[in-house]
Structure formats: C-alpha cells, structure tokens
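Because the structure is predicted, anything quoted here is derived from the model rather than measured. Letters A, B, ... mirror the listed sequences (proteins, then strands); counts begin at 1.
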Number of protein chains: 2
Amino acid sequence: MAKAPTVYDVAERSGVSIATVSRVLRSPAAVREHTRERVLAAVTELGYVPSAAARGLAARRTNVIGLFFPGHDETVPDQPVDSARGDTVPIVDDDSDASSDTENLYFDEVLRGAEIEAWRRGFALMVAAGRGSSREALVTDIAGRVDGLAVLARTVPDELLTYVARRIPVVILAGAQRADDFDHVSASNGPGMRTLANYVLQDHGVRDVVYIAGPTDSPDDAERLSGFRDALADSGLAESSVRILRSDFTRDGGRATAARILATDRPRAILCSNDETALGVLDVLEQRGIRVPDDVLVTGFDGISAGRHSRPRLTTVHQPMVELGRAAVHAITARLDDPNLEPQSFTLPVEVVLRESCPRV
Amino acid sequence: MAKAPTVYDVAERSGVSIATVSRVLRSPAAVREHTRERVLAAVTELGYVPSAAARGLAARRTNVIGLFFPGHDETVPDQPVDSARGDTVPIVDDDSDASSDTENLYFDEVLRGAEIEAWRRGFALMVAAGRGSSREALVTDIAGRVDGLAVLARTVPDELLTYVARRIPVVILAGAQRADDFDHVSASNGPGMRTLANYVLQDHGVRDVVYIAGPTDSPDDAERLSGFRDALADSGLAESSVRILRSDFTRDGGRATAARILATDRPRAILCSNDETALGVLDVLEQRGIRVPDDVLVTGFDGISAGRHSRPRLTTVHQPMVELGRAAVHAITARLDDPNLEPQSFTLPVEVVLRESCPRV
DNA sequence: TCTTCAATTGTAAGCGCATACATTAAGAGA
DNA sequence: TCTCTTAATGTATGCGCTTACAATTGAAGA
C-alpha cells in the first residue's frame with residue numbers, strides 16, 4: 001500500500017499537464033488520441049486510481065446516492081468477530097418456525113433496484129441502517145457523503161429529514177404521499193387493496209369479512225384501509241357490517257389478532273393489511289384445524305417471498321419492490337437535474353396475485 | 001437547495017476560526033465548552049452538514065468500505081421507470097415455482113453483517129454489483145471512493161483485484177483461502193461437509209451415497225468436496241465406492257443431475273454441495289413419488305432460507321452469513337490499522353442443521 | 001504583580017482534482 | 001509562405017476540510 005499516485009504522478013510520467021490527465025479521464029474526446037494513449041499507459045503502469053474525494057470536492061458533487069433503511073441491531077450480538085477455526089462443527093436440530101427474515105426481503109429487493117438504477121445513471125450507492133441510538137449522527141454523516149438520499153418511510157424523524165433536505169434531495173420510499181416538500185415513491189396501495197377486496201366480495205361473493213389493519217402511523221396502511229372501504233362501497237356494504245381490527249404488521253400480531261377474531265367469530269374471509277399479518281393468521285387457522293381456503297379465505301399485501309412458501313400459499317397484492325428502488329433513484333436524479341421541480345410523487349402499479357389462500361373462482 | 005454552508009460560514013457566525021469549527025466536530029474535547037456550544041448552535045442554525053469529500057481529501061481517508069456482490073442485471077428490464085398511476089390493478093395467477101430469489105438471501109445477510117460492523121467502526125458502506133468485468137466500473141465507481149473493499153468470491157477477476165489491491169485492502173469473501181496476497185473470510189466448508197457426511201454415513205449407516213459437487217472453479221466447492229472425501233476416509237470407504245457428479249449450484253442443475261442419477265441408480269442418500277442443488281433434487285424426487293427421507297436422504301449446504309420452507313425441509317450446513325459480512329469489515333479495518341499485517345484468513349464456524357430431509361437418527 | 005506553562009484558539013498550508021482562461025500547435029485558406 | 005481559426009494543451013485557482021505550528025489566553029506559582 002505505497003502512497004497512492006495522483007494526477008501529478010501520471011502527468012509527470014506521461015509528460016503532460018495535470019489538466020490533460022484529468023481530461024483523459026473526464027472527457028477523453030477533448031484529447032488527441034496519441035496523448036490519450038500515453039496518459040492511459042501511465043495510469044496503468046502506476047496503478048493510478050482517481051480519488052473520489054478530490055473529484056467530489058472539485059466538482060461539487062459526489063455521484064453517490066444514499067439509501068436509508070430500518071435498523072435491526074437486536075439481531076446481531078455486539079461481540080467481536082473472532083477468527084476461531086471452525087474445526088468442530090455442532091449438529092443441531094432446527095426448531096425455528098421460520099417467522100424471521102421476512103422484512104429483510106423487502107429491503108433486499110428495494111436495494112437491488114436502487115443499485116441497478118444508480119449504476120445506470122452513473123451513481124454509486126451507499127447504504128445505512130437506522131440504528132436507534134445514533135440515528136441523527138448517522139443521517140448527517142451520510143448526508144454529507146451523498147448527492148441525494150432515499151429513505152424508507154418511518155425510519156427517520158421528519159425533523160431530521162427536513163434538516164437534511166435543506167442540502168440534498170430526499171425521497172421517501174413506500175410511505176404514502178403526504179403534503180410535504182419531499183418527493184415520494186410508493187406503490188398503489190389503495191387501488192391494490194380495493195381490487196383484491198372486490199375480488200373477495202364480488203367474485204367470491206363473500207359478505208362476512210374481517211379486515212386486519214396495521215399500525216395507525218403507517219401511511220401505507222391508511223391507504224390500504226381506505227382502499228378496502230372503497231371496495232365496501234363498491235359492493236354497497238355498510239362499514240358497520242364488517243369488522244375492522246388493528247394489528248401491528250408482524251406475524252405474531254397476526255396470530256394474536258386471529259385468536260381474537262376466532263374467539264367470537266368465524267368469518268368467511270380475513271383480509272390482512274400485509275403479508276406477515278396474514279401468515280400469522282394462517283398459522284392460527286392451521287393450528288385450529290380450520291381449512292383455508294375452504295372454510296376461510298385469507299389475503300395479505302406486499303408479496304414477500306415467504307408468502308409463496310406458506311401452506312397454503314398466500315394470495316396477496318404484490319408491490320414492485322425492485323421498481324420502487326429504481327424509482328427512488330430516478331426521483332433523486334430528476335431533482336438533481338432540475339432542483340426547482342415541484343415535489344413529485346411516483347405511484348407504482350401493483351398486481352393482485354392469486355394463490356391458494358384465496359384462489360381464482 | 002441553497003448553497004450549502006461550509007466551515008467558513010459556521011466560523012463566521014459563531015465568531016471563531018475554521019480550525020475551531022473543525023475541532024468541535026472532530027475532537028470536541030479540545031475545545032472549551034463555551035466555545036463548543038456557540039459553534040454547535042451555529043451549525044444547527046445554518047443547517048451545516050460537513051462535506052465528506054473535503055474531509056476525505058484532507059484526512060486522506062474516506063471512512064467508507066466497499067462491498068462488491070454478484071450482479072443480476074439480467075433480471076431488470078432496461079425500460080425507464082414510469083410514474084404511471086397504478087389505478088388499474090391486474091389480477092394474475094401465481095404459477096411461479098419459487099425457484100428464484102434464493103441467492104439474494106445469501107447476499108442480503110452478508111450485507112447486513114457488513115453494514116452493522118462498518119457503522120460500528122465508524123465507516124460508511126458502499127455497495128456495488130459486479131457487472132461484467134469492466135475495470136472502469138470497479139475502479140472509478142468504488143475503488144477511488146473507499147478505504148477498503150470486500151468482494152464476494154468470483155465476482156471480480158483476479159487481475160482487477162490485484163490492481164485495486166495496490167491501493168487499498170481487499171478481502172475476499174466466502175472463497176476458500178488461496179495462497180494469494182488478499183485477506184480471506186470464509187466459512188468452515190470442509191469440516192462442515194465432513195461432519196454432515198459423517199452423520200449420514202455413520203449415524204444413518206448409509207453406504208450407498210451420491211455426492212453432487214458444484215462448479216470446478218468454486219473454491220468453496222473444492223473444500224466441501226474435500227470434506228466429503230475426508231468423511232469417506234473416516235468411514236473407511238473407498239472413493240470408488242461412491243458416485244460423485246458435478247452440477248452448477250443452481251436449482252435447475254440439481255434437477256437435471258437428479259434425473260441423471262435416477263436414470264441408473266437409486267442411492268440411499270444424495271449429498272449436495274449447496275442448498276439450491278438440493279432443492280432441485282427434492283423437486284425431482286417429489287415429482288417421481290420418491291419419499292424423502294424414507295427412501296432417500298437429501299442434504300444441502302449454506303442454510304438459505306428457502307431450505308427452511310421446502311417440503312420436506314432441508315438438512316444443511318448453515319453458514320453464518322451475517323458473521324461473514326462482519327468479519328470482512330473487521331479484516332479490512334484490521335489491515336487499515338496495520339497495513340503490514342501478513343495476509344490473514346478468517347474461517348468462521350458452521351453448524352449442521354438437521355431437518356426432515358435427513359432427520360436426527 | 002510578574003512569570004511560566006498548559007490550555008485554547010488562530011494561521012496557513014496543503015489534500016487531489018476539475019475547470020476557466022491563457023497559450024500554443026495545427027490546419028485551412030489565400 | 002503567411003495569416004487566421006480551431007483544436008489541443010498548459011496555468012492557475014479553488015473546492016471545504018484537517019492539522020502542524022504559531023499565537024494568545026489564563027490560571028497557578030513566585
């Protein structure tokens with residue numbers, strides 16, 4: 001790791017000025033071919049790697065986009081990594097119920113979309129998880145490193161976002177469009193739920209429905225609930241004729257809520273505001289020997305991969321997560337190109353995906 | 001997006017010099033409390049966010065670590081993101097066989113580990129997918145921006161890595177330790193497979209085994225195969241007494257190989273060098289009505305989450321992916337602290353996880 | 001009160017690159 | 001061959017920050 005060569009070294013070696021070296025790298029067309037080749041040769045020989053810090057400073061933009069997603073520190077112990085030789089291999093029985101790692105998938109796909117789109121547009125992608133304690137430091141830290149920031153809804157306090165947004169474009173992902181100054185990218189929550197609910201109410205002819213909503217502070221959830229209400233109206237049903245409960249978007253919450261429902265009721269369909277809740281509901285139904293879809297129809301929302309592996313497989317509304325990631329980057333670059341744009345809002349189309357838990361009629 | 005304030009603005013507003021502003025941010029203890037408060041107040045009022053580019057240039061380190069993972073561009077269409085209002089929602093039947101998105105999980109966990117460890121140590125994390133072998137991509141996108149680089153094995157050509165390694169520490173993830181100058185972090189492939197194979201050979205008393213290896217260019221695979229051979233020796237079996245085939249680590253490859261095996265053979269156990277292959281094998285066995293584990297035992301390697309959802313659930317050797325990510329960052333920071341370290345190699349312990357496809361005896 | 005020395009703060013010099021502007025080389029036209 | 005125009009290259013400056021070193025301050029000791 002010798003001292004890294006700089007433009008000066010390359011310039012000297014190839015007998016040109018640093019400006020020419022810079023040009024060869026930045027706008028090769030402006031340099032005569034002969035010169036360019038000499039410079040490039042020197043670059044290779046010296047193992048020159050341009051310093052992004054210097055470039056960013058001079059050009060006043062880093063060409064990096066930041067992606068902020070929810071944290072998950074609980075899962076990882078604080079102990080240092082030890083390099084213990086793994087020569088003794090324990091043999092264990094797997095008794096897990098596979099209820100973990102669902103949300104991860106969501107983020108993973110968003111990340112992939114963002115990564116792809118960023119790359120295509122010539123940006124690098126920096127990621128950070130919102131760790132409770134030091135969130136503020138983290139956000140400003142990353143804000144100083146990037147040209148724009150995409151944040152998963154509800155992972156960063158608005159006040160902090162506003163602070164950051166004074167400097168760089170901020171786009172909020174997967175939270176509904178609120179009337180604020182941020183750009184928003186989200187899926188078509190309302191219409192998605194409405195379509196699915198209509199399928200249940202009309203195609204399946206179900207009247208006896210329970211809806212399990214999510215946390216009240218989730219804008220996505222609010223839209224989905226609203227979509228459900230629209231569907232009720234579409235079928236001429238009074239809201240008082242159905243039961244609407246709240247849960248918390250988790251599988252455990254879904255289980256608890258299902259238990260609560262079954263204590264007094266046996267609806268023909270249970271519509272859940274997200275997949276994890278629905279999976280929890282399925283758990284309870286199976287455990288009690290209630291057949292899905294014969295006795296009860298169950299639906300979710302999101303399209304997480306666990307829903308494809310459940311038994312029965314889960315009917316859901318699929319959000320285009322990869323596209324969400326791409327759209328977020330798109331929104332940021334659009335604003336970078338034209339900072340005076342009005343706050344915009346991208347709503348990506350969703351799909352109702354029918355599987356066994358609520359099959360095609 | 002007004003012009004961002006700089007140290008000069010903060011200095012002027014708080015009536016100190018820029019050096020003091022810098023100190024307040026970098027080493028607050030060196031500044032009198034009274035002064036510090038004034039400066040911090042100015043920071044907040046102005047909405048100051050330090051420029052990482054300038055800091056990186058001055059400090060000669062970026063405090064960013066790069067993570068390079070395998071590409072996947074094929075999956076995403078090139079079409080631009082359109083902000084079409086998603087008001088019409090199609091209803092589709094899901095006929096996918098869920099054979100996608102398995103590898104993603106692997107990477108996702110590594111990422112989480114890396115992310116956590118990086119921020120804990122005061123580094124930001126930059127991610128990039130390996131696209132082709134474009135040198136410009138690696139060099140200009142990542143190498144110039146980071147203090148160190150973690151690369152998933154086989155995603156970047158060695159030659160390129162060598163080039164980059166002249167400047168910054170490079171650690172290779174999940175490829176076996178080769179005798180090169182890079183640092184390596186990997187799981188205990190050999191002992192893991194050996195333990196699992198011994199369980200099959202000795203505890204289950206199986207003699208009639210087929211082993212499905214992976215691609216020859218995978219160092220992980222080579223170690224696993226070697227572990228399998230060790231197990232044969234442990235049981236006093238000649239290598240000629242078992243059948244060893246090669247596949248390609250994919251689910252489809254597993255299916256094809258299983259078909260090939262069954263054409264001539266009906267072994268009591270099929271050991272696969274990774275989970276995806278094993279899942280493909282399960283597909284074929286189920287389709288032919290061959291019972292697992294009653295007729296055939298099947299095992300995998302990796303511990304991907306799909307293996308927990310398969311029917312029957314898959315016995316496997318679980319790699320600590322989160323820990324791999326953490327260890328990679330650890331290795332990089334260790335080398336940053338002491339560049340003269342000998343090339344090191346971290347081998348993380350694995351676990352044999354028994355599930356129904358090869359249950360506890 | 002006058003020193004002395006440590007604690008604070010200020011001054012100034014880059015870090016490596018991009019780029020406006022100045023300079024020079026190279027063709028084109030006569 | 002000489003001038004004019006354009007292409008190619010060089011010169012010089014500054015991006016915003018860290019940090020060695022200088023200057024100043026202030027409290028303790030004489």
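- Between the side chain of Ser27(A) and the backbone N or O of Ala29(A) there is no donor-acceptor pair closer than 3.5 Å.
- A donor-acceptor pair under 3.5 Å is absent between the side-chain atoms of Arg23(B) and the main chain of Ile18(B), judged by distance alone.
- Side-chain atoms of Thr20(B) never come within 3.5 Å of backbone atoms of Val16(B) as a donor-acceptor pair (strictly under, hydrogens ignored).
- One finds a salt bridge joining Arg326(B) and Glu323(B) here, because a Lys/Arg side-chain nitrogen approaches an Asp/Glu carboxylate oxygen to under 4.0 Å.
- Protein atom CZ of Arg167(B) is 11 Å distant from nucleotide atom P of dG16(C), rounded to whole Å.
- Rounded to a whole Å, the CG atom of Asn63(B) is 11 Å from the P atom of dT18(D).
- Judged by distance alone, the side chain of Thr333(B) and the main-chain N or O of Val329(B) form a donor-acceptor pair under 3.5 Å.
- Look at CZ on Arg61(B): it is 23 Å from P on dG14(C), rounded to the nearest Å.
- By the 4.0 Å N-to-carboxylate-O rule, Asp108(A) lies close enough to Arg112(A) to be salt-bridged with it.
- In this structure, the side chain of Thr155(B) does not engage the main chain of Val151(B) through any donor-acceptor pair within 3.5 Å.
- Formation of a donor-acceptor pair under 3.5 Å by the Ser51(A) side chain with backbone atoms of Ala54(A) is found in this model.
- Across its full length, the helix from dT1(C)-dA30(D) to dA30(C)-dT1(D) shows an angle of 30° between the axes of its 5 terminal pairs at either end, rounded to 10 degrees.
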Using a 4.0 Å heavy-atom cut-off, write out nucleotides 8-17 of chain D from 5' to 3' as B (base contacted by protein), S (sugar-phosphate only) or - (no contact).
SBBBB-BBBB
